[in-house]
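Working notes, beginning with the structure itself.
Just so we're clear, the structure is a prediction, and the values are computed from it rather than from any experiment. Hydrogens, waters and symmetry mates play no part in the numbers below; they use all other heavy atoms, side chains included.
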Amino acid sequence: MDALVRPVVDPTFAAGALGFLLGGVALGTASGLVPGLHANNFALLLAGFAPSVPADPLFVGVAMIGAGVVHSFLDIVPALALGVPDAATAVAALPGHRLVIAGRGREAVRLSAVGSGLAVALAVPLAVPITWLMLRWYPPMRAHLPVLLAGVVAVLVLTESSRRAAVGGLVAFLASAALGLATLDADPAAPLSVGGVLAPLFAGLFGVPVLVDALGGEGVPPQADPRIAMDARDLGTSAGAGSLAGAVVGYIPGVSAAIAAVAAMPAVPRESADRGFVVATSGANTANTVFALFALVALGTPRTGVTVALDRAGVPFALPILIVAAATAACFGFALVLLVGDPYLRVVGNADYTRLSVGVLGLLALLSYAFAGGFGVGVLLVAGALGLFPPRVGARRVHLMGVLIGPLIVG
């Protein structure tokens with residue numbers, strides 16, 4: 001019981017926890033706003049340094065949770081401004097970027113903030129019943145996961161705008177699935193031990209094509225007012241679908257927030273599809289971050305990079321403290337999206353977009369090398385070439401999520 005009440009009655013403990021939380025917020029802000037970075041990288045670095053940190057391990061856990069939650073709010077901003085998402089925001093990258101090109105980027109920033117904010121608001125009342133259900137439904141759901149994912153893929157292919165687009169989407173799915181099978185289990189030598197191939201994979205599939213297509217273009221146009229042009233019902237439906245999908249996959253090993261976003265797509269209202277994708281993806285991303293914590297406590301196994309770092313660092317599972325940290329970080333994340341999103345779009349809009357695109361392409365290559373060595377740079381190039389294909393045949397880039405879904409279906 002002492003661990004549960006210490007933050008309330010011990011001002012020193014509370015001040016220490018707040019200090020580490022603010023450090024996590026700063027790390028999450030950096031990872032969220034820099035294309036190609038992820039909170040997992042910082043969380044795993046913290047796990048490596050944790051034994052040498054002269055502080056309560058719970059403080060380190062608070063910093064990790066803070067970084068993960070704030071990242072889940074801010075990672076949409078580079079996807080909107082530059083078209084460079086991380087794995088969790090890949091589904092919303094193109095629809096969100098379309099909103100920016102149409103001058104509705106400030107609205108898209110707020111849609112994302114609402115989606116993530118509602119996900120946190122829903123997490124607290126839904127945590128206990130969803131955990132109870134998942135403890136009972138997990139075995140059959142895990143056993144039939146390939147069938148469920150194949151159904152989602154079929155819906156996405158069959159709902160393309162034309163036969164040519166549907167065939168192209170299927171080809172993109174199969175090619176990206178093959179790429180995932182060939183690369184995801186690789187463990188290349190790299191300068192950073194906390195990397196991996198996910199960064200170059202998703203930067204190539206979803207970021208490089210947008211940057212290449214933007215070379216010589218006029219960049220981000222002036223942005224209109226931030227008013228949300230989406231009715232409350234569609235907004236709630238999209239946020240609820242994304243949050244629920246993110247909550248469920250938080251308990252399933254190997255299934256990421258990106259796949260939760262794909263699963264939520266059929267529930268997004270067609271008349272506000274682009275806006276709904278942004279809301280649902282943001283909700284799924286943040287809900288997955290929060291519910292993975294409940295899964296770690298309930299099942300004892302980590303489901304995300306941040307919870308892997310929590311487990312490695314030996315952070316005590318003081319759930320009330322960690323949930324308060326997550327909720328507080330969400331407040332910071334919501335405010336930061338609104339404070340940083342508009343200036344980010346404005347700075348990008350005022351820049352020479354050709355030079356900016358070349359610079360970001362160079363940064364992605366550098367990060368790919370840092371996380372996965374020369375192998376990562378090769379993956380970036382192959383994935384980038386594949387990412388150029390879907391728009392050429394009129395298909396949606398979401399089919400490229402086969403890079404994760406395909407290996408899960410194959411098993």
For this session: Using modelled atom types only, decide if a donor and an acceptor are shared between the side chain of Arg397 and the backbone of Gly387 within a distance under 3.5 Å.
Result: yes
Exercise. Given side chains that start at C-beta, do those of Asp234 and Val279 come closer than 4.5 Å, heavy atoms only?
Worked result: no
Exercise. Are the side chain of Gln223 and the backbone of Arg346 linked by a donor-acceptor contact shorter than 3.5 Å?
Worked result: no
Exercise. So, does Ser72 use its side chain to make a donor-acceptor pair with the main chain of Val69 at under 3.5 Å?
Worked result: yes
Exercise. For atom CG of Asp225, is the number of surrounding heavy atoms from other residues, nucleotides or ligands below 6.0 Å larger than 12?
Worked result: yes
Exercise. Going by heavy atoms in the side chains, are Arg106 and Val100 under 4.5 Å from each other?
Worked result: no
For this session: Taking salt bridge (Lys or Arg N to Asp or Glu O under 4.0 Å) as the test, write out the residues that go with Glu160, two or more places apart.
Result: Arg396
Exercise. Is the shortest heavy-atom distance from the side chain of Thr289 to the side chain of Val306 under 4.5 Å?
Worked result: no
Exercise. Taking C-beta and beyond as the side chain, do Val268 and Thr237 meet within less than 4.5 Å on heavy atoms?
Worked result: no
For this session: Kindly assign one of parallel, tilted or perpendicular to the pair Phe202 and Phe206, based on the angle between their ring planes and the thresholds 30° and 60°.
Result: parallel
Exercise. Atom CG of Leu111 and atom CG of Leu235: how far apart are they, to the nearest 0.5 Å?
Worked result: 6.5 Å
Exercise. So, are Asp231 and Arg275 salt-bridged, with charged N and O less than 4.0 Å apart?
Worked result: no
Problem set entry | Expected output: side-chain Thr286 to main-chain Gly283 donor-acceptor under 3.5 Å | no
Exercise. For Leu156, does its backbone N or O pair with a side-chain atom of Thr159 as donor and acceptor, under 3.5 Å?
Worked result: yes
For this session: State whether the number of non-hydrogen atoms from other residues, nucleotides or ligands found under 6.0 Å of Arg163 atom CZ is greater than 12.
Result: no
Exercise. Has Phe375 got more than 12 heavy atoms of other residues, nucleotides or ligands less than 6.0 Å from its CZ?
Worked result: yes
Seminar exercise, completed: Ala123 and Val290 have their tightest heavy-atom pair at CB-CG1, 3.7 Å
Exercise. What are the two closest heavy atoms between Val337 and Ala113, and how far apart are they?
Worked result: CG1-CB, 3.9 Å
For this session: Tell me, with the steps shown, if Leu58 and Leu322 meet side chain to side chain contact (heavy atoms under 4.5 Å, CB included).
Result: CA-CA 8 Å; Leu58 187 55; Leu322 296 176; 3.9 Å; yes
Exercise. Any idea which heavy atoms bring Gly105 and Leu80 closest together, and the distance?
Worked result: O-CD1, 4.5 Å
For this session: Could you go through the side chain to side chain contact (heavy atoms under 4.5 Å, CB included) check for Leu198 and Leu404 one step at a time?
Result: CA-CA 10 Å; Leu198 276 181; Leu404 293 182; 4.0 Å; yes
Exercise. How long is the span from the CD atom in Glu107 to the CD1 atom in Ile228, to the nearest 0.5 Å?
Worked result: 6.5 Å
Exercise. Which heavy atom in Ala177 sits nearest to a heavy atom in Gly406, and how many Å separate them?
Worked result: CB-CA, 3.7 Å
Exercise. Taking all non-hydrogen atoms of both residues, which atom of Ala119 and which atom of Ala287 are closest, and how far apart?
Worked result: CB-N, 3.9 Å
Exercise. Quick one: CG on Leu296 to OH on Tyr251, what's the gap to the nearest 0.5 Å?
Worked result: 11.0 Å
Exercise. Quick one: are Pro35 and Leu363 in side-chain contact, heavy atoms under 4.5 Å?
Worked result: yes
Exercise. Arg233: what forms a salt bridge (Lys or Arg N to Asp or Glu O under 4.0 Å) with it, not counting sequence neighbours?
Worked result: none
For this session: Would you please test Val77 and Leu345 for side chain to side chain contact (heavy atoms under 4.5 Å, CB included) and show each step?
Result: CA-CA 8 Å; Val77 176; Leu345 290 170; 5.9 Å; no
Problem set entry | Under 3.5 Å: donor-acceptor pair, side chain of His71, backbone of Ala67 | no
Exercise. How far apart are the C-alpha atoms of Ile405 and Phe173, what are their side-chain angles, what is the distance that settles it, and do they pass the side chain to side chain contact (heavy atoms under 4.5 Å, CB included) test?
Worked result: CA-CA 9 Å; Ile405 298 176; Phe173 172 80; 4.2 Å; yes
For this session: For the residue pair Val398 and Phe277, establish whether any side-chain heavy-atom pair is separated by less than 4.5 Å.
Result: no
For this session: Could you tell me whether the side chain of Pro209 reaches within less than 4.5 Å of the side chain of Pro391, counting heavy atoms only?
Result: no
Problem set entry | By ring pair (Phe, Tyr, Trp, His ring centres under 6.0 Å) - contacts of Phe20 (at least two apart) | Phe59
Problem set entry | Side-chain heavy atoms of Ser116 within contact of Phe334, under 4.5 Å | no
Seminar exercise, completed: Taking every heavy atom of Gly276 against every heavy atom of Ser238, the minimum-distance pair comes out as CA-OG, 3.5 Å
Problem set entry | Ile76 side, atom CD1; Leu33 side, atom CG - distance, nearest 0.5 Å | 12.0 Å
Seminar exercise, completed: Rounding to 0.5 Å, atoms OG1 (Thr131) and CG (Leu126) come to a distance of 10.0 Å
For this session: Output the distance between atom CZ (Phe13) and atom CD1 (Ile321), rounded to the nearest 0.5 Å.
Result: 4.0 Å
